[in-house]
Peer 1: 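Take this structure, written in structure tokens, and hold onto it; I'll ask about it next.
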Amino acid sequence: LEFEEIIKTLNELKEKLRSLGELFDISNLEIKLKELEEQTSKSEFWEDTENTKKVLSEIKRIKSKYLKYKQIENWANSYFSKYHIIATII
């Protein structure tokens, strides 16, 4: 493949990754995670053990999903950047 074709394919993959972020609702996951983590900083939060378990479990679930997506996004962005640099040199 020519570099132009590779760059085109990478840009298409980048768009698919963005769509995946929308599918996972990443921006709302970030907001929800911050809200839940703020709850844990309040002293009364720790008094209700049943709610504490639920919230901590939800934080763990959201973080797992969010961090997996961010790892893929970071890897992809790094990869895309390297190919763009190479393409501009050649």
Side-chain angles (χ1 to χ4, degrees):
L1 289 176
E2 295 292 322
F3 272 108
E4 293 82 21
E5 292 175 43
I6 293 171
I7 297 300
K8 181 182 176 205
T9 302
L10 289 173
N11 285 331
E12 289 168 358
L13 290 172
K14 196 171 189 177
E15 180 59 29
K16 287 181 182 180
L17 179 62
R18 188 192 61 75
S19 295
L20 185 61
E22 290 176 2
L23 179 67
F24 284 154
D25 204 10
I26 293 299
S27 58
N28 282 332
L29 283 179
E30 286 178 302
I31 293 167
K32 182 70 174 172
L33 183 59
K34 286 178 185 176
E35 290 172 355
L36 293 172
E37 287 177 334
E38 285 175 8
Q39 286 182 30
T40 66
S41 66
K42 298 175 182 171
S43 59
E44 63 270 9
F45 169 79
W46 299 98
E47 294 170 6
D48 181 354
T49 57
E50 193 61 37
N51 186 55
T52 299
K53 288 178 187 178
K54 287 178 185 176
V55 171
L56 293 177
S57 177
E58 182 68 1
I59 288 172
K60 183 178 178 181
R61 185 191 68 77
I62 291 173
K63 272 187 177 179
S64 175
K65 189 181 230 183
Y66 176 79
L67 291 175
K68 285 177 188 174
Y69 174 80
K70 285 300 186 179
Q71 281 180 317
I72 294 168
E73 181 184 56
N74 290 338
W75 174 85
N77 285 335
S78 172
Y79 196 71
F80 297 150
S81 295
K82 289 174 188 173
Y83 267 97
H84 279 285
I85 290 169
I86 291 169
T88 57
I89 293 172
I90 295 178

Peer 1: Quick one: do E73 and K70 satisfy salt bridge (Lys or Arg N to Asp or Glu O under 4.0 Å)? Show the steps, please.
Peer 2: CA-CA 5 Å; E73 181 184 56; K70 285 300 186 179; 2.9 Å; yes

Peer 1: Please determine whether a side-chain nitrogen of the Lys or Arg among K34 and E37 lies less than 4.0 Å from a carboxylate oxygen of the Asp or Glu.
Peer 2: no

Peer 1: Going from NZ on K14 to OG1 on T9, what distance comes out if it is rounded to the nearest 0.5 angstrom?
Peer 2: 14.5 Å

Peer 1: Roughly how far, to the nearest 0.5 Å, is OG1 of T49 from NZ of K53?
Peer 2: 5.5 Å

Peer 1: List for me each residue that meets side-chain hydrogen bond (donor to acceptor under 3.5 Å, both in side chains) alongside K68, sequence neighbours excluded, and say none if there are none.
Peer 2: none

Peer 1: Could you list the cluster mates of I72? Members are the ILVMFWY residues connected by side-chain heavy atoms closer than 4.5 Å, either directly or through other members.
Peer 2: L17, L20, L23, F24, I26, L29, L33, L36, F45, W46, V55, L56, I59, I62, Y66, L67, Y69

Peer 1: Quick check: do E15 and S19 have side-chain heavy atoms less than 4.5 Å from each other?
Peer 2: yes

Peer 1: As a quick check of understanding, evaluate side-chain hydrogen bond (donor to acceptor under 3.5 Å, both in side chains) for N74 and N77, giving each step before the final call.
Peer 2: CA-CA 5 Å; N74 290 338; N77 285 335; 5.0 Å; no

Peer 1: Restricting to salt bridge (Lys or Arg N to Asp or Glu O under 4.0 Å), what partner residues turn up for E58, sequence neighbours left out?
Peer 2: R61

Peer 1: With a 4.5 Å heavy-atom cut-off, do E30 and E35 have their side chains touching?
Peer 2: no

